[in-house]
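Everything on this sheet refers to the single structure shown next.
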Amino acid sequence: MEKMKVSYSRRIVMMLTGILFISLCVGCYRLSNFGVDAFTCMNLGISGFLHMSFGTWQLIMNAVILVVVFFTVRKNIGAGTIINMVCVGYGADFICWIVEDMLKVEAGLPLRILFLAAGCLFAGLGVAFYIVADMGIAPYDSVAFIIQKALKGKIQFQYARVCSDAAVIIIGVFFCLVSGDDLWEIVGIGTICNACFNGPLIQFFRGHVSEPILHNKEKSV
């Protein structure tokens, strides 16, 4: 019983750490001005079109996807799902506010590249951490599992993730162009890197970082 309690508390820490990493990821991508991650690209495009706060629109979009998840891969829903839905968008807004408005940081090319690299790193680590924590994942992160289920396991997770990322980028670009906003504020090399490499990075970090951390520590209890 004690071991179960320790394991549960550890999973909570891993879940919260993963969500923190995702907030940092989204914030870093936005600060890099090399384009944001795929899901953020879509949400920034639509929120700009609707003249709505990014955090508020992302919460609405997550709620819509959550309904689909409920009827397809319900096992992916948990406490982490709700915390992710509420916190990531506003967390990213807060990070950008601190850096741009409070600290008045004017990022030159080297700092922008650093933000981009950090965004790529935190993206893979964040999802890997809270998937392994098994306490619920973000609605959008369940889309790859929905694709896998629809294709009856004929496609691996990382490739299903690439497909979903490519689709939401197209949606974000469409709404950005319709609203007349600056496309290059949301789409760039960072967006392409995220769409192509995030799935494989998540898979890599699951196998080499998050799962070993969880299981090795559990064995020592």
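Atoms CG and CE, on Asp134 and Met15 in that order, are 11.0 Å from each other to the nearest 0.5 Å. A distance of 8.5 Å separates CD of Gln156 from CD of Gln148, quoted to the nearest 0.5 Å. A distance of 9.0 Å separates OG1 in Thr72 from CZ in Arg74, rounded to the nearest 0.5 Å. Taking CD1 from Ile137 and NZ from Lys75, the interatomic distance works out to 9.5 Å, rounded to the nearest 0.5 Å. To the nearest 0.5 Å, atom OG of residue Ser164 and atom OH of residue Tyr159 are 14.5 Å apart. With rounding to the nearest 0.5 Å, the separation of CD1 in Ile171 from SG in Cys176 is 14.0 Å.
A 4.5 Å side-chain heavy-atom check between Glu106 and Leu111 finds every atom pair outside the cut-off. Between Phe122 and Ile22, the closest side-chain pair of non-hydrogen atoms is not below 4.5 Å. Contact annotation: the side chain of Gln158 never approaches that of Ile202 to less than 4.5 Å [non-hydrogen atoms, C-beta and beyond]. For the pair Cys41/Val187, a side-chain contact is recorded, criterion being any heavy-atom separation below 4.5 Å from C-beta on. Side-chain contact between Val143 and Val168 is absent, with no heavy atoms from C-beta onward closer than 4.5 Å. At least one side-chain heavy atom of Met61 sits under 4.5 Å from a side-chain heavy atom of Phe39. Under the 4.5 Å side-chain criterion, counting only non-hydrogen atoms from C-beta, Met52 is in contact with Ile60. Contact annotation: the side chain of Asp93 approaches that of Ser53 to within less than 4.5 Å [non-hydrogen atoms, C-beta and beyond].
There is a path of hydrophobic side-chain contacts, each under 4.5 Å, that joins Leu183 to Leu116. Cluster annotation: Phe34 is not connected to Trp184 through the hydrophobic network of ILVMFWY side chains, with a link wherever side-chain heavy atoms come within less than 4.5 Å. Each of Ile170 and Met42 belongs to its own hydrophobic cluster when Ile, Leu, Val, Met, Phe, Trp and Tyr are linked at side-chain heavy-atom distances under 4.5 angstrom. With hydrophobic clusters built from ILVMFWY side chains whose heavy atoms lie under 4.5 angstrom apart, Phe197 does not share a cluster with Ile192. Under the 4.5 Å side-chain heavy-atom criterion for ILVMFWY residues, a single connected hydrophobic cluster contains both Leu20 and Phe115.
When atom types are taken as modelled, the side chain of Arg11 and the backbone of Met135 share no donor-acceptor pair closer than 3.5 angstrom. Between the side chain of Lys104 and the backbone N or O of Asp101, at least one donor-acceptor pair lies under 3.5 Å. Between the side chain of Arg112 and the main chain of Ser32, a donor-acceptor pair closer than 3.5 Å is present.
For the pair Ser142 and Val69, the tightest heavy-atom approach, listed with the atom from each and the gap, is CB-CG2, 3.7 Å. Contact record, Phe205 with Gly124: CD1-C, 3.5 Å, taken as the closest heavy-atom pair. Across every non-hydrogen atom of Cys120 and Leu201, the tightest pair is O-CD1, 4.0 Å. When every heavy atom of Met14 is checked against every heavy atom of Ala133, the shortest pair comes out as CB-CB, 4.0 Å. The two residues Thr81 and Asn76 have their closest heavy-atom pair at OG1-O, 3.2 Å. When all heavy atoms of Ile169 and Ala195 are compared, the closest pair comes out as CD1-CB, 3.5 Å.
By the side-chain contact (heavy atoms from CB on, under 4.5 Å) test, Phe94 pairs with Trp97, Ile98, sequence neighbours left out. Ser179 is linked by a side-chain contact (heavy atoms from CB on, under 4.5 Å) to Phe49, Asp181, counting only residues two or more places apart in sequence or in another chain.
Under a cut-off of 6.0 angstrom, the local environment of CZ in Phe157 is crowded, with over 12 non-hydrogen atoms contributed by other residues, nucleotides or ligands. Annotation for Ile189: atom CD1 does not count as buried by contact number, only 12 or fewer foreign heavy atoms lying within 6.0 Å.
When ring centroids are compared, Phe21 and Phe129 come within the 6.0 Å threshold.
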Q.
Between Thr56 and Tyr90, does the side-chain hydrogen bond (donor to acceptor under 3.5 Å, both in side chains) criterion hold? Intermediate values first, please.
A. CA-CA 8 Å; Thr56 300; Tyr90 292 114; 3.2 Å; yes
Q. Does the side-chain contact (heavy atoms from CB on, under 4.5 Å) test come out yes or no for Ile95 and Val26, once each step is laid out?
A. CA-CA 9 Å; Ile95 291 165; Val26 176; over 6 Å; no
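Among Asp165, Asn62, Asn84, the one residue that satisfies the side-chain hydrogen bond (donor to acceptor under 3.5 Å, both in side chains) test with Tyr140 is Asp165.
Sorted by first and then second residue, the side chain to side chain donor-acceptor pair (under 3.5 Å) pairs with a member in residues 38-48 read Asp37-Thr40, Asn43-Trp57, Asn43-Gln58; sequence neighbours excluded.
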